[in-house]
Visitor: 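One structure follows; several queries about it will come next.
Within every chain, numbering begins at 1; the chains are lettered A, B, ... in the order of the sequence lines, protein sequences first and strands thereafter.
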There are 2 protein chains.
Amino acid sequence: MSNSKLYKGSLTTIILKLLNEHDKMYGYEITQKVKALTKGELKITEGALYPALHKLEAEGLLDVEVAKVDNRLRKYYKLTETGTKETVNKLEELAEYIKTMQALMNPKLA
Amino acid sequence: MSNSKLYKGSLTTIILKLLNEHDKMYGYEITQKVKALTKGELKITEGALYPALHKLEAEGLLDVEVAKVDNRLRKYYKLTETGTKETVNKLEELAEYIKTMQALMNPKLA
DNA sequence: AATATATACATAATTTTCTTATGTATAAGA
DNA sequence: TCTTATACATAAGAAAATTATGTATATATT
């Protein structure tokens with residue numbers, strides 16, 4: 001699982017943004033959602049996703065809730081209050097970064 | 001030197017793009033150009049820049065030419081033919097990535 | 001004259017953040 | 001039966017930064 005190079009640093013923003021919209025999601029669901037939304041362009045690897053989720057949880061941005069569905073384990077993650085605030089920051093940072101890159105790539109329009 | 005987080009993976013694209021426009025540039029000049037074009041938003045650290053330039057040279061994407069100006073050393077870099085081709089690819093990849101991220105961040109507009 | 005800042009290169013140690021490769025386990029489909 | 005999908009996890013390694021140094025010259029400031 002992996003395709004077009006994920007620019008390092010953007011995975012956290014993706015996770016937070018999805019959780020900001022969907023209230024609660026589990027890991028596998030996130031991988032599928034990203035795949036769907038990007039029409040297969042972006043594939044989140046498990047090796048990147050799970051450690052990222054654990055880190056966000058350790059930082060207090062996410063809460064976990066374990067559930068058993070169809071005899072299979074699911075770990076539902078949701079944003080904490082801090083996580084919601086941090087999501088705003090991350091989204092601003094990303095928007096800023098895209099603007100900055102566009103300024104570099106299209107200097108005439110600056 | 002460092003300010004807003006450089007999304008890892010984009011530095012090479014920035015270097016190639018600048019060299020595609022300016023024919024030849026030296027390292028320090030690149031740091032100043034990026035600073036100017038982004039109004040100080042993005043600051044390229046030397047610890048990132050010089051290894052990146054060396055790598056691009058080793059890969060055959062850049063040629064170097066050493067010059068002495070005001071008794072100070074300058075290493076002018078310019079794109080090779082391969083480098084020019086790779087620049088096109090990198091710019092496409094970046095544009096693609098920005099589109100992908102926008103699809104994720106703005107799912108309604110998709 | 002002394003000191004700080006700007007110019008110009010470089011590298012080493014460390015950190016962050018991925019990819020790749022595994023591993024476990026259940027359920028469903030071919 | 002075997003493969004694919006679902007669902008988690010971690011370890012090894014690579015890539016690409018940051019941070020901290022180091023060297024050296026030139027210019028501006030005190």
Visitor: Of all the choices, C:dT11, D:dA7, C:dA27, which nucleotide is nearest to the side chain of A:Tyr50 once you look at every atom?
Guide: D:dA7
Visitor: Quick one, A:Leu79 and A:Leu62 - any side-chain contact, counting heavy atoms below 4.5 Å?
Guide: yes
Visitor: Which listed nucleotide (D:dT10, D:dT6, D:dA9) is nearest to the side chain of A:Gln32?
Guide: D:dT6
Visitor: Out of D:dC8, C:dA8, D:dT25, which nucleotide sits closest to the side chain of A:Tyr28?
Guide: D:dC8
Visitor: Looking at every strand, decide which applies to A:Gly47 at a 4.0 Å heavy-atom threshold: base, sugar-phosphate, or nothing.
Guide: base
Visitor: So which nucleotide from C:dA8, D:dC8, C:dA10 ends up closest to the side chain of B:His54?
Guide: C:dA10
Visitor: Under 4.0 Å from OP1 or OP2 of D:dC8: is there any side-chain N or O of A:Tyr26 that close?
Guide: no
Visitor: Is there a chain of hydrophobic side chains (I, L, V, M, F, W, Y, each step under 4.5 Å between heavy atoms) that links B:Leu94 to B:Val88?
Guide: no
Visitor: Below the 4.0 Å mark, does D:dT18 have OP1 or OP2 next to a side-chain nitrogen or oxygen of B:Lys8?
Guide: no
Visitor: So what does B:Lys55 touch, heavy atoms closer than 4.0 Å: a base, only the sugar-phosphate, or nothing?
Guide: sugar-phosphate
Visitor: Side chain of B:Thr45 only, heavy atoms from C-beta on: which candidate in C:dC9, D:dT19, D:dA9 is closest?
Guide: D:dT19
Visitor: Look at all strands and tell whether B:Arg72 reaches a base, only sugar-phosphate, or nothing, counting heavy atoms closer than 4.0 Å.
Guide: base
Visitor: Could you check if a side-chain atom of B:Leu61 sits within less than 4.5 angstrom of a side-chain atom of B:Thr12, using non-hydrogen atoms only?
Guide: no
